Amino acid sequence: MGATVRICVTVNGERRESEVEARTLLVYWLREELGLTGTHVGCDTTNCGACTVHMNGESVKSCTVLAAQADGAEVTTIEGLAPEGGLHPLQDAFWEKHGLQCGFCTPGMIMAAADLLQRNPNPTDDEIRHGLEGNLCRCTGYHNIVKAVKAAAANEVPA
Amino acid sequence: MTSVGQALKRKEDPRMITGRGYYTEDIQLPGMLYAVIVRSPEAHATITSIDTSAAKERDGVVAVYTGEDLAGDFAGPLPMVWAPPGVEINTPEHWPLKRGEVKHVGDPVAVVVATSRTAAFDAADDVIVDYDPKPVVVDPEQALEDGSPLVWDSFGTNKTHEWAVAGGDFEAAEAEAEVTVEARYVNHRTSGAPIEPRCSVAEARAEKLTLYSTTQIPHIARFVLSGMLGIAEDKLRVVAPDVGGGFGAKLQVYAEEALVLALAKRLGRPVKWTETRSEHMTTSHHGRDQISYVTLTAKRDGTVTGCRARIIADLGAYQQLLTPFIPTLGFPVMGGCYAIPSIDLHFTGVFTNKMPTDAIRGAGRPEATYWIELTMDKLARELGMDPLELRRKNFVRKEQFPFETALGIVYDSGDYHGSLDRLLENFDLDEFRSEQAGLREQGIHRGVGFSTYVEVCGLAPSRAVGPQGVGLQAAFYESANVRVTPTGSAIVYSGISPHGQGLDTSFAQIAGDILGIDPQNVEILHGDTDQGAWGWDTYGSRSLSVGGEALARAARKVQDKAKRICAALLEAAPEDIELTDGKYQVKGSPDKSMTMAEISGAAHIPPAELPADIEPGLEESSFYDPENFVFPFGAHACVVDVDAETGKVSVVRYVAVDDCGPAINPMLIDGQVHGGITHAIGQALYEQVVYDEDGQLVTGTFVDYALPTAAEVPGFETDRTETPSPTNSLGVKGIGEAGTIAATPAVTAAVMDALQPLGVLWLDMPLTPVRVYEAIQAAQGNGAGPPSSQQGVRLDEHGRGSAGSGPTAPDEGGAS
Ligand code: FES
Ligand code: FES
């Protein structure tokens with residue numbers, strides 16, 4: 001084991017402390033140390049976005065952030081996007097509009113879309129498409145993902 | 001109200017949208033070790049030495065093994081299962097870890113097992129392997145020439161096999177042809193690239209091994225892997241948890257699956273291996289990689305009289321599960337939707353120093369559709385005929401179904417004129433042409449392309465593709481077990497193994513309607529070899545038409561028994577019981593009825609004595625082997641804009657009409673069509689697996705292998721016609737691959753239409769900006785144009801590329 005660092009991160013509202021190898025990527029810390037396996041890994045080059053989480057309110061690709069860099073930060077993962085038992089409007093909209101098939105890209109896609117809607121609450125189709133360019137989906141052809149994001153923005157689905 | 005036909009929201013989704021999906025990589029077992037594979041950086045070489053000593057000394061390393069070390073752990077190599085009668089296929093031994101020689105970049109040579117992922121990666125870097133490079137061949141046509149470097153010296157040739165099929169008299173058609181067109185097409189190598197990389201976790205408890213794997217084929221995998229490990233099938237359980245997309249890339253039994261099992265067995269601890277994305281690009285099988293030389297013969301009036309194709313398939317360095325079979329899989333539809341009286345097909349498989357090819361979404365049929373559709377366009381140009389008119393003239397007519405093709409294949413049902421008519425209702429071609437003319441005057445290059453396709457799926461009638469048919473050493477029926485619990489829920493185990501298609505939902509709809517149970521209370525289980533009967537898994541758009549039919553048959557048996565129980569309890573005749581609105585009731589006496597929950601309660605805990613011929617319990621199974629394939633079809637139109645300054649192609653509109661029989665869940669059908677089209681747009685415009693002349697993979701990441709993003713595809717306009725298949729009682733056909741099969745010719749034809757005023761006559765996929773730009777420049781007299789997209793094509797004396805590949809190449813063939 002190489003050099004370690006002590007980190008303290010607020011994850012989904014809960015303070016989590018641990019000693020991590022300095023090179024540990026945030027995504028592996030979330031998945032393997034905290035058991036938050038909703039955040040996925042799909043590539044080695046920061047292209048796919050399956051690992052997208054929010055750090056201090058903005059979406060980041062957690063495969064490209066060291067756990068150590070998250071020290072002191074607030075991190076939200078797909079598991080913490082909505083209160084336990086409830087659904088975020090985007091989660092509901094993805095379900096309603098068939099915005100997922102295998103579901104592997106979905107957590108990252110929803111986290112990226114949530115960030116997009118925070119910055120632009122009423123995006124056009126084109127803005128959604130460009131806003132989600134950093135997230136790859138092999139299954140859906142994006143058509144229903146765009147519809148879902150639009151529906152969530154328009155509050156068409158119950159929150 | 002029946003549930004079939006409704007756009008029921010998916011039962012799979014609540015866990016997936018909340019991050020509670022359960023994928024193989026999510027599995028952590030106590031004491032689990034991590035495996036990392038040391039791979040060849042050489043495309044062809046002799047291994048002269050492997051030094052694992054430094055790696056073994058690293059902290060956290062539990063073991064490092066080479067191929068020699070594990071030689072005794074495998075009873076057999078990775079198999080290839082096609083044995084066509086009368087044809088010998090050169091098939092080298094293919095072991096999980098290589099000894100002696102490596103044959104492509106990424107070939108596994110050693111494995112490191114450590115207590116953490118990082119320790120395993122660090123140690124893998126410390127394994128020192130010396131190689132003595134050998135000559136490399138990457139281009140399949142070059143590989144067939146005398147004097148080419150050989151991938152396998154032992155065979156004395158790079159040719160793996162030849163396979164041919166013909167019907168009707170093509171030679172006569174050619175001799176009598178008033179018009180003949182010929183062309184060469186390249187269907188370049190692609191990657192399946194599901195967003196979930198492969199992952200396998202193996203566990204050994206005493207004698208019993210369990211493999212959790214990102215596989216489309218858990219049942220087949222148990223069969224193959226138990227043989228490879230030399231253990232009885234009952235000692236191996238294979239589980240496919242949630243699988244993050246397959247697209248054929250997970251229709252394979254991979255070296256890594258065998259390896260983690262051998263390691264877990266040896267070490268007595270669970271072992272996980274997870275593919276990196278660059279490993280996926282390097283060592284998950286590739287698809288396509290075919291060159292087709294196509295000839296169509298016709299009369300002046302446009303009647304097509306013959307079709308011949310000579311297909312060269314680059315199979316890579318080994319034969320995986322279905323490698324040599326895949327190019328052939330398109331043969332039943334190689335005449336397209338057309339009534340062509342003579343068809344003559346010949347396939348040659350070739351070894352190269354590349355990763356093997358195998359099934360990728362569509363598998364043989366996208367290639368077939370690509371060339372038949374584009375050759376029909378070319379024939380129309382040659383005849384000066386409208387390409388859609390030419391199609392209409394040659395379509396199999398509605399009243400001709402079931403239609404036996406020249407190859408003896410029976411197209412089950414269809415209405416090809418109807419789907420094209422519907423397409424043109426949704427896409428006004430006249431309006432488009434006048435818009436296009438206006439845009440051309442403004443220097444905007446817009447084009448339209450059409451594809452009218454038929455595909456073959458629903459694998460498969462065992463008699464057609466099994467040992468007594470084309471020779472796969474397998475059968476392709478499907479199984480289902482339906483049980484109703486004492487309180488009236490249903491638990492179904494199906495032999496299919498979905499990985500994103502939404503079959504937990506559509507199968508619940510089918511079973512729910514037949515049983516009279518709310519689909520929300522029908523649980524569909526699959527992908528666990530210890531839970532249910534043998535099945536043949538999910539690929540080739542077979543799940544609904546074969547697995548769904550098996551399910552319907554088992555559910556009907558349960559319904560029959562429920563009626564008998566109900567009749568006994570209500571003192572009526574079984575034939576007088578009917579299922580209406582979820583109630584089993586006596587005909588004509590709606591007040592005398594029972595729910596399934598009441599009937600199942602009585603089946604499990606009889607309230608009164610039931611007739612002696614009614615066994616307790618409520619559970620039935622079915623095995624269904626289809627009589628024929630199913631043949632989905634449709635018509636697609638694609639509109640593109642080409643920026644002549646940059647060569648960039650943008651898909652601006654895509655209109656699809658598909659026919660997969662009656663819809664079980666229309667929402668799922670649309671989703672499959674969207675994804676399939678996008679996959680094909682990827683192949684046509686962006687994606688290509690590229691090896692350089694040394695056999696080095698150039699496209700090892702998502703940076704170089706460009707999947708379409710949301711910004712590269714338009715919204716899709718989908719529509720359906722519904723022509724039931726007579727093959728199964730549901731009337732259904734498959735839809736998982738239709739978009740991928742239909743779309744590459746539509747996109748390519750659209751680009752060619754857009755480029756026509758610029759003088760570009762032909763350009764092989766992928767139609768990337770640089771290739772399109774070079775083609776435009778060459779057509780204007782600047783430069784030689786881009787090379788053919790096939791790998792390693794020699795530079796010939798005319799410059800770059802070969803027949804049909806360059807924009808300046810003549811539209812060869814022509815009228816004769
Ligand atoms: S895992 Fe692909 S971007 Fe992070
Ligand atoms: S739903 Fe499968 S990758 Fe997006």
Side-chain angles (χ1 to χ4, degrees), chain A residues 1-2 21 23-24 28 31-32 35-45 47-48 50 77-82 87-88 90-92 94-107 110 125-126 128-147, chain B residues 7 9-10 12-23 25-26 28 59-60 116-119 192-197 242-247 274 276-278 499-502 667-668 670-679 681 701-703 707-713 715-716 739:
Chain A
M1 187 136 153
E21 227 186 316
R23 60 176 165 172
T24 305
Y28 288 115
R31 287 179 54 79
E32 291 176 356
L36 295 169
T37 53
T39 304
H40 298 149
V41 177
C43 72
D44 339 311
T45 48
N47 285 87
C48 77
T77 70
I78 187 72
E79 290 92 342
L81 186 62
L87 291 180
H88 183 276
L90 272 166
Q91 290 171 317
D92 224 327
F94 269 65
W95 189 12
E96 189 77 39
K97 301 293 179 194
H98 189 30
L100 60 148
Q101 291 181 23
C102 78
F104 197 79
C105 72
T106 310
I110 289 177
D125 280 17
D126 219 43
I128 295 169
R129 287 181 180 278
H130 282 96
L132 295 178
E133 234 175 347
N135 291 69
L136 297 174
C137 174
R138 189 57 146 174
C139 297
T140 63
Y142 307 102
H143 182 102
N144 288 341
I145 291 177
V146 174
K147 265 171 58 182
Chain B
K9 289 200 307 186
R10 296 203 324 168
E12 295 84 339
D13 290 3
R15 67 178 186 274
M16 290 177 173
I17 54 180
T18 55
R20 270 72 170 190
Y22 191 55
Y23 299 88
E25 227 294 311
D26 301 342
Q28 295 220 47
D59 276 355
S116 75
R117 189 188 299 274
T118 45
I195 305 303
E196 178 198 39
D242 284 333
V243 175
F247 315 110
T274 307
T276 63
R277 179 54 58 184
S278 42
H499 36 276
Q501 294 87 344
M667 178 186 84
L668 299 181
D670 282 345
Q672 290 297 309
V673 172
H674 300 154
I677 294 169
T678 302
H679 201 132
I681 290 175
T701 71
F702 276 161
V703 178
L707 299 192
T709 74
E712 271 104 29
V713 289
F716 300 106

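Note on naming: letters A, B, ... go to the chains in the order of the sequence lines (proteins, then strands), and numbering restarts at 1 for each one. Because the structure is a prediction, the values reported are computed rather than measured.
With chain B as partner, the option from A:Gly103, A:Gly38, A:Cys105, A:Gly35 having the largest number of non-hydrogen pairs under 4.5 angstrom is A:Gly103. Interface summary for chain B: among A:Cys43, A:Ala82, A:Gly99, A:Cys48, the most heavy-atom pairs under 4.5 angstrom belong to A:Cys43. Most heavy-atom pairs under 4.5 Å with chain A, from the set B:Ala711, B:Gly19, B:Ala710, B:Gly500: that is B:Ala710. Highest contact tally toward chain A, considering only B:Thr678, B:Thr701, B:Asp13, is held by B:Asp13 [criterion: heavy-atom pairs under 4.5 Å]. Of the listed residues A:Asn144, A:Ile128, A:Asp125, the one with more heavy-atom pairs under 4.5 angstrom with chain B than any other is A:Asn144. When each of B:Pro197, B:Gly21, B:Gly502, B:Ala119 is checked for heavy-atom pairs under 4.5 Å with chain A, B:Pro197 comes out on top. Put simply, of B:Gly676, B:Ala7, B:Pro14, B:Gly60, the one with the most heavy-atom pairs under 4.5 Å next to chain A is B:Pro14.
A:Leu81 does not touch chain B: none of its heavy atoms, backbone or side chain, sits under 4.5 Å away. For B:Asp26, the parts lying near chain A are the backbone and the side chain together; criterion is any non-hydrogen pair under 4.5 Å. Proximity to chain A (any heavy atom under 4.5 Å) is shown, for B:Glu196, by both the backbone and the side chain. Heavy atoms closer than 4.5 Å to chain A are found in both the backbone and the side chain of B:Val703. Heavy atoms closer than 4.5 Å to chain A are found nowhere in B:Tyr22, neither backbone nor side chain. Using a 4.5 Å cut-off between heavy atoms, A:Thr106 contacts chain B through its side chain alone, with no backbone atom that close.
Looking at A:Leu100 and B:Arg10, their side chains come closer than 4.5 Å, going by heavy atoms from C-beta outward. With a 4.5 Å cut-off on side-chain heavy atoms, A:Ile78 and B:Thr18 do not count as touching. No side-chain heavy atom of B:Ile195 sits under 4.5 Å from any side-chain heavy atom of A:His40. Using a 4.5 Å heavy-atom threshold, the side chains of B:Leu668 and A:His98 count as touching. Taking the side chain as every heavy atom from C-beta outward, B:Glu25 and A:Arg31 approach each other to under 4.5 Å. Using a 4.5 Å heavy-atom cutoff, the side chains of A:Leu136 and B:Phe702 are in contact. Contact check for B:Pro708 versus A:Arg138: side-chain heavy atoms found under the 4.5 Å cut-off.
Nearest heavy-atom pair across B:Lys9 and A:Asp92 is NZ-OD1, 4.4 Å. Annotation for B:Gly245 and A:Cys102: closest pair N-CB, 3.2 Å, computed over non-hydrogen atoms. The two residues A:Thr140 and B:His674 have their closest heavy-atom pair at O-CB, 3.2 Å. Contact detail for A:Cys139 and B:Phe247: the closest heavy-atom pair is SG-CZ, 3.6 Å.
B:Arg277 places no side-chain N or O within donor-acceptor distance of the main-chain N or O of A:Thr45, the cut-off being under 3.5 Å.
A:Gln101 and B:Gln672 form a side-chain donor-acceptor contact under 3.5 Å, judged by distance and modelled atom types alone.
Taking A:Thr39 as the reference, nothing meets the side chain to side chain donor-acceptor pair (under 3.5 Å) condition, with sequence neighbours excluded. For A:Glu32, the salt bridge (charged side-chain N to carboxylate O under 4.0 Å, His left out) partners are B:Arg117, not counting sequence neighbours.
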Kindly determine whether A:Glu79 and B:Arg20 satisfy side chain to side chain contact (heavy atoms under 4.5 Å, CB included), including the steps that lead there.
-> CA-CA 8 Å; A:Glu79 290 92 342; B:Arg20 270 72 170 190; 3.7 Å; yes
Please walk me through it: do A:His130 and B:Thr709 pass side chain to side chain contact (heavy atoms under 4.5 Å, CB included)?
-> CA-CA 9 Å; A:His130 282 96; B:Thr709 74; over 6 Å; no
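Ring orientation note: the planes of A:Phe104 and B:Tyr23 are nearly perpendicular, at an angle over 60° on the 30°/60° scale.
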